[in-house]
Structures are given as C-alpha cells and as structure tokens.
Amino acid sequence: MSSLIQSVKGTRDFYPEELAARRWLYKAIRSVSESFGYQEYEGPYLESIELYAAKSGDELVKEQSFVFPDRGGNLIALRPELTPTLARMVAQKQRQLVYPVRWWSFGPFWRYERPQKGRAREFFQWNIDLFGIESPEADAEIVAIAAGLFKKVGLTPDQVKILVNSRRLVSAELSALGIASEKQAEISRWIDRRAKMNTYAWEAYASELGLEAKQIIQIKEFLQNYDTWKKSDDLSRFFAGIEAFGCRDYVDFDPNIVRGLDYYTGIVFEAIETDGEIRRSILGGGRYDNLLADVGGQPLPGVGFAMGDMVFSLVLEKHKLLPNFGNRPPAPILVTVFDESLLHASISLAAELRSHGFDILNYPESEKLSKQLKFADRMGIKIAIFLGPDELAKNLITIKVLSTGQQYSLTREHAAEALHKQLAGLPPS
RNA sequence: GUGCCAGUAGCUCAAUGGCAGAGCACCUGACUGUGGAUCAGGUGGUUGAGGGUUCGAGCCCCUUCUGGCACCCCA
C-alpha cells in the first residue's frame, strides 16, 4: 500500500463516478452556452511562455505556472488560463471571422499553487467570450449566460449572486476625488483588499498610498452606496438589459467588486455564494476592450468570464444539486452463466441482444448464480437473464427483474420486444 | 513561497510512553437454478515515509510527503 506511487500533488483522479459528475457539469455548460448561440472551441494545452509574458506577466507566469524546457531549450508552459490563447486565436483570423464572435470552451488548466479546498493544481475551467460588440447589452448577455447556468442547475438567487461593478465608474469617481489616473490601479487593488483586512490596517495602508483623510472618507462613502450605478448611463443600460434577459434577481450592483486582473476596462463582475460559507468566488469576468491590441491584433472589444469547476462543484454539493452518480449501472442487463458448458451459449445470447440495440453485460465466467446476482445487484443492474438447461431445451430465456424479484420465461424470438417493454416500464437510474 | 492543524485496516474512527482495536465494507458458509435481510466464521496493518530519544514509540523530538485551514494569488 505504502509502496503505491503517489499521484502528482494537486491532481485529481476521476473514477467513473467522478467523471460522470464532470460530464454532467460539462453538459449543463454546453447546453447553456449553445442556448445563446455560442460555438465551442479549444486551444492547445501547451503554450510558449512568451504568450503569457506579453500580457499576464508577473506572478501568474513566474510563480504559478508549470514551465519546462523542450528539447530545443524553449520554455513551454502548461496553460494557466485561456484568455491569451483566445486572444491569439482571434487575432490570427481577425479579418476572416464573422462578428460578433461568440465562443466557449471547457478544458483543463494548471497552476502551481498550494492546493486547498476549491483549488487544485490541475482543474477545469469554463471560458465564454463575446468579441466585437461594445454595448452594455453585450455585457448583459454575458452576465445573463452565467445566470442561465445557475438557473439551469437549480441554484436560486437566494443562494448565488452575480455582483457587478464598472471600472469606468470607479475611475470617474476616483478622478472626481482628485486621484490621478496613474494611481488608480493601485487604489483599486487597495479597495479589493478591503474585505480581507481589518479596518484599521486598511485605512493605514491608504495613508501609505498617499490618500488624504478626506479622500478615504469619500471612497468609503462610495463603497457603501449601492445606488451609484444609476448615475452611470452604461450601468443603467446594463441593468435594463439584464431585466430584459429575465435574470435581474441574480444580479446586483456592488461598488466593492474590483477584480485583480489589469486588463479589464469596463464592467467587472464575480459570482459569489450569498451566505459566504464558501468564500472563493464562483466565477469572474469583465470587459477587456484593449486586450487584442495589446497582444498585437487590431483593436477589438471583448467581454467574457471564466468559471472553475471546483468552487462551483462545492456550491452545488452544498445545496445538494449534484445528482447522485453512485450506483449508475454500466448497462441495464446482465446475462448470467449457468455453468462452464453454457458459457458460450450465454455469450452468444448477449451478442444477439446487442444486435437489437441493447447494452448488455456478460458475466465473464461460470460462477454460482448467487454470486452473479449479487454482482448484478451491486452494479445496479435492472434485469438478469438466465439461460440454463431447462430454457435451452425449449428455446426459452428467463428474465428476472431485480427491483421486484419477478421473473418469467419466454421464447428467444420475443425476447427483444419484451426487454424493450420491461426497460421502458422501469424507473430510470 | 510563509504560518497553523491533521494523517492508525478499503471507509469512519478508538487505543496514560507498555499485547494495535471497534463498527461498516469485503470473503466463506448456513442456501448445488436466484441478489438485497439475518446469523456464524474468516481475511485484512512496516500506525504516510525516514531518522532520533527511550528498557520500550501509534503517542515525545527532527526531517519529509500528503491533505485541510489562514496568508499570497486567483477559477
């Protein structure tokens, strides 16, 4: 046992049950994405490190990426995020694409961080983006898609909220207080920290940044005012759009939302669990109108978000919204084996039924029937089929319904029809 | 990368520095053409790994790995 080679730190093994859960999540994401007319795409998992150095820069690449040299000595990274890849893909075909471009993706990412609840080194992420439209209605569409997923999986507006702010609004506000635009990024980061620091330390830090006492008071007032969005034409239109999309109850204005990434230019948002028990944000995104130009393309407005699978799964688990994938049978029917001499007869029977379109499990060797039925029971199989000397003599098979214990015999010719009926009459797993 | 907590059977957990245990699970039988329930019996451990202190270590000390929590950062 102790000699087992350990899995790589921060990776997860997906046993059938867990893979079923992941695929369920994928299906929900695909369904919502497609319902808004978004197309699925995928990028490479390996990227040259320069791709990230150009934009993400600093910490994400240097500290939090898996990087290794290839045989030619070039530094390769396991992708820590998708946006740079997406920006490249769009830039490469910028003149051929039909706008607006609406794309989504769900795949693996890697970050070299300390694993903890809701965070691993290898994780899956949903990315969805809209390019080519600058309007608040485009922002509203992206946010509505996030709300659409919550609705689809059964999360209510009481349980999750999408908090929205506008970098433009914050910037205007700070400028009005006499704060130079060069300082505003720093101030934003300070605002972002507020929830994590105690009031005293937070205000002391503000003084260090050169803010005057009066400015600190004014910023605090701004951060406590949840109606400021009404002063902004963009946000007013955004919320009118959200209303029209039918998901206003999932979305709130929150002036404290700033987001870490530098490239956001307009709205920023993140989804949280309302009672705060799960402290990490579920998803985050915003508008990034300069990104494409920054990576060498023509200017092109974009808006989008990313959602990791781990925090979202925690939220679903907490609210008991994940289906139970525990006892899902791999096939509904098991063909048992009476004894060694009839093993091939059973295999043939199963093959015959498969040709009628049934998913069939063979018991692979002669064993006591009780053991075969126990196997069927534990696998969650619905129907066991017996083919013994009695049946064979009369060209019959016996069907046993495990949930009721009922069994009956019928001719082989009628088996397919009877099985269809029998399966249709049983509750789905 | 920093700090704190934890790791004992497949799982959940016991064991004052003194014989490593229980429940569940698993296997066998009661039941040679029939699962779940019940009863009886049985298998299962280098106490995460390595070192140290001690007559003696699951327990104390050091190192390390893994997980969890708080930083950091973010999905």
Side-chain angles (χ1 to χ4, degrees), chain A residues 1-12 15 25 29 56-65 79-83 105-128 146 189 192-193 196-197 201 258-262 269-273 278-286 304-315 327 334 336-339 342 346 363 366-392 397-407 409:
Chain A
M1 192 52 208
S2 57
S3 64
L4 262 185
I5 293 172
Q6 287 181 334
S7 51
V8 173
K9 180 173 180 157
T11 61
R12 290 170 291 168
Y15 290 86
L25 178 61
I29 284 169
S56 329
D58 52 318
E59 177 141 12
L60 190 58
V61 182
K62 290 197 187 99
E63 309 283 340
Q64 299 188 348
S65 293
R79 61 179 189 183
E81 58 162 335
L82 192 58
T83 309
S105 183
F106 182 82
F109 295 86
W110 294 266
R111 286 190 194 172
Y112 199 89
E113 292 185 287
R114 189 113 174 219
Q116 46 186 274
K117 200 180 209 99
R119 176 201 286 175
R121 288 185 172 180
E122 179 177 70
F123 56 95
F124 285 77
Q125 198 178 73
W126 175 33
N127 282 263
I128 187 158
R189 235 164 290 142
D192 197 31
R193 295 236 166 97
K196 294 172 186 166
M197 298 171 80
V258 178
R259 311 270 329 139
L261 291 172
D262 292 338
F269 56 91
E270 65 185 61
I272 53 139
E273 199 227 357
I278 294 166
R279 300 182 54 173
R280 325 189 85 85
S281 63
I282 300 167
L283 58 83
F305 67 82
M307 183 187 85
D309 67 314
M310 296 194 68
V311 174
F312 191 57
S313 297
L314 285 177
V315 173
N327 199 25
L334 174 76
T336 62
V337 177
F338 182 78
D339 65 16
L342 292 181
S346 281
Y363 204 87
S366 166
E367 252 301 351
K368 285 196 308 192
L369 255 192
S370 64
K371 192 167 175 187
Q372 300 186 44
L373 281 168
K374 188 166 187 173
F375 168 79
D377 191 47
R378 293 184 46 187
M379 293 299 277
I381 282 165
K382 297 177 182 316
I383 290 174
I385 294 177
F386 302 122
L387 185 62
D390 298 349
E391 284 86 359
L392 215 59
I397 67 165
T398 296
I399 289 176
K400 179 183 176 95
V401 180
L402 272 84
S403 57
T404 61
Q406 286 177 331
Q407 68 181 60
S409 299

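Numbers restart at 1 for each chain; the letters A, B, ... are given by sequence-line order, proteins then strands. Keep in mind that what you see is a predicted model, and the values were worked out from it rather than measured.
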Please write out the pairs of protein N or O atoms and N or O atoms of nucleotides 2-8 of chain B separated by less than 3.5 Å, giving the distance to one decimal.
{"residue": "B:rU2", "atom": "O4", "partner": "A:Arg114", "partner atom": "NH1", "Å": "3.0"}
{"residue": "B:rG3", "atom": "O6", "partner": "A:Arg114", "partner atom": "NH2", "Å": "3.4"}

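Using modelled atom types and a 3.5 Å distance limit, the side chains of A:Thr11 and A:Glu122 yield no donor-acceptor pair. A donor atom on one side chain and an acceptor atom on the other are found under 3.5 Å apart for A:Arg280 and A:Gln116.
Side-chain proximity of A:Phe386 to the nucleotides B:rU34, B:rC26, B:rG67 is greatest for B:rU34. Candidate nucleotides B:rG33, B:rA75, B:rA70 were compared by shortest atom distance to the side chain of A:Arg279, and B:rA70 ranks first.
One finds a side-chain N or O of A:Lys368 lying less than 4.0 angstrom from the OP1 or OP2 phosphate oxygen of B:rG29. Contact between the side-chain N/O atoms of A:Lys400 and the OP1/OP2 oxygens of B:rU34 is not found at any separation under 4.0 Å.
Look at A:Phe109 and the base of B:rA75; the rings do not stack under the cut-offs of 5.5 Å between centres and 30° between planes.
Under the Watson-Crick or G-U wobble criterion, with both distances below 3.5 Å, B:rC72 has no partner in any strand shown.
For B:rU34, its base sits under 3.5 Å from the side chain of A:Gln407 at one donor and acceptor pair at least. Within 3.5 Å, no donor on the side chain of A:Arg111 pairs with an acceptor on the base of B:rC74, nor the reverse. For A:Glu391 and B:rG33, a side-chain-to-base donor-acceptor distance below 3.5 Å is present, hydrogens and geometry of angles not being considered.
Residues passing the ring-ring contact (aromatic ring centres under 6.0 Å, His included) test with A:Phe124, sequence neighbours excluded: A:Phe14, A:Phe106.
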* I would like to know whether A:Arg121 and A:Trp110 meet side-chain contact (heavy atoms from CB on, under 4.5 Å); could you show each step before the answer? => CA-CA 5 Å; A:Arg121 288 185 172 180; A:Trp110 294 266; 5.9 Å; no
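If you check every strand for non-hydrogen atoms under 4.0 Å, A:Ala376 touches nothing.
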